[in-house]
Amino acid sequence: MRAENSAIQSSSIAVAQPVGTVRATPAIRSTAAGPEAAGGPEGSPAPGPSAGRSGTVLAGLGVVAFSLTFPATAWGLESFGPWSLVALRSVLAALIAGGVLLAARVPLPDRRHWAGLAVVGGGVVVGFPLLTTLALRTSTTSHAAVVVGLLPLTTAVLGSLRTGERPSRTFWTAALAGAAVVIAFTVRESGGALTSGDLYLFGALLVCAAGYTEGGRLARSMPGWHVVGWALVLCLPLAVAGSLVALPLEPVHLNAHGVLGLVWVAAGSTFLGLYVWYRGMAAIGVARASQLQLAQPLLTLAWSFLLLGEEMSAAAPVAALAVLVCIAATQRADRGAARVSRRIRS
């Protein structure tokens with residue numbers, strides 16, 4: 001009997017080990033669910049404090065790079081026609097991106113990502129540069145800044161629809177207030193008159209917001225610089241064809257400003273700017289990152305004053321302060337929502 005009892009006890013002990021394994025399963029499940037909880041490819045991101053700070057810094061650097069785009073484009077138009085400038089900037093940016101991808105031996109993206117990359121390329125690499133460059137033939141950079149004034153709100157709306165992000169009411173209130181400040185300021189600076197380039201500017205707004213939204217979504221499932229690189233490479237054949245057609249038809253008058261403008265819009269705005277921008281969006285979300293662009297029109301006006309000699313009114317500092325308050329409100333509202341989300345998940 002003792003032998004049987006000891007055997008039964010031994011078997012009970014042996015069976016107890018799987019129970020320990022079962023108890024460990026929740027930890028395994030929570031680890032496996034981590035990416036989804038943190039904002040997987042199709043979910044809403046809930047970044048931690050350090051990821052949120054680094055993502056905000058990266059997206060902010062992207063905004064600074066983008067703010068130089070209009071003044072650099074104005075410089076580029078001193079040497080090139082609008083079609084030639086856009087085609088050449090795309091070719092140079094694609095060559096830089098292709099060289100980096102080749103040096104890093106980055107494999108081709110999955111087939112499911114190519115459609116999204118085409119949207120990024122069509123909106124950010126081709127559509128926005130072409131439409132804004134055509135607009136800048138008749139519009140000043142300060143007037144063109146109205147596009148960027150509306151872009152954060154448009155991107156946030158499309159991002160909410162496309163990625164499922166659900167910012168708080170406080171976020172939307174601050175975003176609308178910031179957009180209103182920027183629009184009022186830029187319209188006042190331009191005298192309130194519509195120009196023939198406004199149609200180009202509103203078209204640029206829509207295609208760029210679509211490209212930002214899709215790029216931010218893709219940057220959750222692949223590195224942000226892969227998104228930028230492959231979107232540029234995808235547009236290379238079209239850019240080469242455009243260069244071959246446009247250069248013989250448009251006059252070229254090379255000068256220092258024209259060359260510097262071309263180099264910046266290709267390497268700075270199109271490649272480096274998009275690289276840090278998409279990394280930032282992947283970390284903090286499309287809606288929250290987009291609101292940092294509320295500062296872009298004011299930065300553009302500052303660059304236009306310093307580089308192009310365009311006048312800046314005394315209202316600029318007041319508008320800048322109001323926009324910074326709105327940006328702080330959107331960032332704080334979204335961080336608060338992320339903290340609540342993490343508490344619920346934990």
Side-chain angles (χ1 to χ4, degrees), residues 38-67 69 116 119-120 123-124 128 147-168 170-172 174-179 182 205 208-228 231 269-270 272-300 323-324 326-339 341:
E42 302 298 334
S44 176
S50 60
R53 283 191 295 269
S54 62
T56 301
V57 170
L58 288 171
L61 290 175
V63 170
V64 174
F66 297 154
S67 70
T69 300
V119 174
V120 175
V124 178
F128 185 79
V147 175
V148 184
L150 289 171
L151 186 57
L153 182 60
T154 308
T155 304
V157 172
L158 291 182
S160 178
L161 295 174
R162 182 71 178 92
T163 66
E165 295 181 18
R166 293 293 180 267
S168 64
T170 304
F171 175 94
W172 287 117
L176 288 168
V182 172
L205 164 71
C208 189
Y212 280 170
T213 299
E214 196 64 22
R217 186 187 68 83
L218 288 173
R220 296 183 188 174
S221 56
M222 58 192 296
W225 71 277
H226 290 192
V227 175
V228 177
S269 301
T270 307
L272 294 177
L274 288 175
Y275 165 66
V276 294
W277 175 247
Y278 282 133
R279 284 196 62 182
M281 277 203 296
I284 64 177
V286 174
R288 182 174 162 193
S290 69
Q291 297 314 297
L292 295 174
Q293 280 196 306
L294 287 170
Q296 186 172 328
L298 302 176
L299 289 172
T300 297
V323 166
L324 290 177
C326 294
I327 291 174
T330 59
Q331 302 302 296
R332 184 171 182 177
D334 211 55
R335 279 197 297 269
R339 283 195 295 268
S341 177

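Side-chain atoms are counted along with the backbone in the values below, which use heavy atoms only and exclude waters and symmetry mates. What you are looking at is a predicted structure, and each value in this text was computed from that prediction instead of being measured.
Between the CD1 atom of I284 and the OG1 atom of T56 there is a distance of 4.0 Å, given to the nearest 0.5 Å. The structure places OH of Y212 at 7.5 Å from CE of M281, a figure rounded to the nearest 0.5 Å.
For A59 against L292, the heavy-atom pair with the smallest separation is CB-CD1, 3.5 Å. The shortest non-hydrogen separation linking L218 to G116 is CD1-C, 3.6 Å. The two residues A282 and A219 have their closest heavy-atom pair at CB-O, 3.3 Å. Taking each heavy atom of T300 and S67 in turn, the nearest pair found is OG1-O, 3.1 Å.
Evaluated for a side chain to side chain contact (heavy atoms under 4.5 Å, CB included) with E214, the options V124, V227, L158, V120 yield exactly one hit, V120.
Contact check for F66 versus L299: no side-chain heavy atoms found under the 4.5 Å cut-off. In this structure, W277 and V63 have side chains that are in contact, with non-hydrogen atoms separated by less than 4.5 Å. A heavy-atom distance below 4.5 Å is not found between the side chains of Y275 and L61.
Side-chain N or O atoms of T69 include none that pairs as donor or acceptor with a backbone N or O of S269 at under 3.5 Å.
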